[in-house]
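Order of appearance sets the numbers: ligands from 1, and atoms from 1 within every ligand. It should be emphasised that the depicted structure is a prediction, and the values quoted were computed from it without experimental measurement. In what follows, residues are counted from 1 in the order of the sequence shown.
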Amino acid sequence: MRDSTAQDLLRIVVLISGSGTNLQAMIDQIHQGDSPARIVAVISNKAEAYGLKRAQQAGIPAKVLSHRDYASREEYDAALQRLIDGYQPDLLVLAGFMRILTDDFVRHYQGRMINIHPSLLPRHKGLNTHQRALEAGDAEHGCSVHYVTPELDGGPVILQASVPVEASDTPESLAQKVHAQEHRIYPRVIEWIARGRVRLEEDTVLFDNQPINDQPRRATPD
Ligand code: GRF
């Protein structure tokens, strides 16, 4: 049973591996005001992840579960699942968690796990997306928030934001522009989920009860 004071809140566990600027955007935007969402724990597979400090500064429990302490991916994911489920989350948020997840883990959280990927999916799944967008001569690039399914970076997209690619752009400048957009759209999606506006049914994302799979929403530019 959930704590009665927290009953109406969407309980969120955030997984990180690094700097945690997306986590910070969530803390800044969701933990202020009257949001019906609360981050109840932040878990990192790396002890040195700066995002752990961000969590502590916000008074959020911050835990480390190192993958180096486990012999296999299956054992690590099983331990991670036990740790996460101890917090009884409604939503699991991947925010720069740099691990491939086992199918069992993904299935356990299907429909309640989201990720942000630095490209306009389905373009540029995987790593080095900014470099690859430049090499491909893309006129626009961006980021996507999507539900996580067993197909890596292949789950149904909820919201995207785009940035124009300029002739002078480098992977670093693009990363900076895309990151700024990530900080806008990730908290927004969480807020929608907390307010019951977005959900996954089977493989279909519903926004205000309307399927949006064929046409993921694009955030309007600033
Ligand atoms: C972001 O670029 C996100 O798209 C990717 O990992 C990075 C995390 O950055 N999944 P940060 O740790 O939130 O700063």
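- In this structure, Gly20 counts as a contact residue of ligand 1, since one of its heavy atoms falls inside 4.0 Å of the ligand.
- Contacts of Asp104 classified as salt bridge (charged side-chain N to carboxylate O under 4.0 Å, His left out), with partners at least two apart in sequence or in another chain: Arg107.
- Cation-pi geometry between Arg99 and Phe105 is not met: the NZ or CZ atom fails to fall both under 6.0 Å from the ring centre and inside 45° of the normal.
- The shortest distance between side-chain heavy atoms of Tyr147 and Val205 falls below 4.5 Å.
- When each atom of ligand 1 is checked for a heavy atom of Pro118 under 4.0 Å away, the hits are 4 (O).
- If you check the side chains of Asp77 and Gln81, you find no donor sitting under 3.5 Å from an acceptor.
- Where the criterion is an N or O separation shorter than 3.5 Å, residue side chain and backbone included, His179 meets it with respect to ligand 1.
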Sequence neighbours excluded and cut-off under 3.5 Å, please list the side-chain donor-acceptor pairs for residues 32-42, or say none.
{"unit_1": "Ser35", "atom_1": "OG", "unit_2": "Ala37", "atom_2": "N", "d": "3.2"}
{"unit_1": "Ser35", "atom_1": "OG", "unit_2": "Glu191", "atom_2": "OE1", "d": "2.9"}

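- Contacts of Met98 with ligand 1, taken as heavy-atom pairs under 4.0 Å, are absent altogether.
- Interface of Thr21 with ligand 1, defined as ligand atoms under 4.0 Å from a residue heavy atom, comprises 11 (P), 12 (O), 13 (O), 14 (O).
- Those atoms of ligand 1 that come under 4.0 Å of a heavy atom in Glu182, given as number and element, are 1 (C), 2 (O), 3 (C), 4 (O).
- Taking every non-hydrogen atom of Ser19 and a distance limit under 4.0 Å, the qualifying atoms of ligand 1 come out as 12 (O), 14 (O).
- For the residue pair His183 / Thr21, a side-chain donor-acceptor distance below 3.5 Å is found, with atom types taken as modelled.
- Among protein heavy atoms, atom 10 (N) of ligand 1 sits closest to Ile116 O, 2.9 Å.
- In the model, Arg68 has no side-chain atom that pairs as donor or acceptor with a side-chain atom of Asn45 under 3.5 Å.
- With respect to atom 6 (O) of ligand 1, the closest heavy atom belonging to the protein is Gly96 CA, 3.4 Å.
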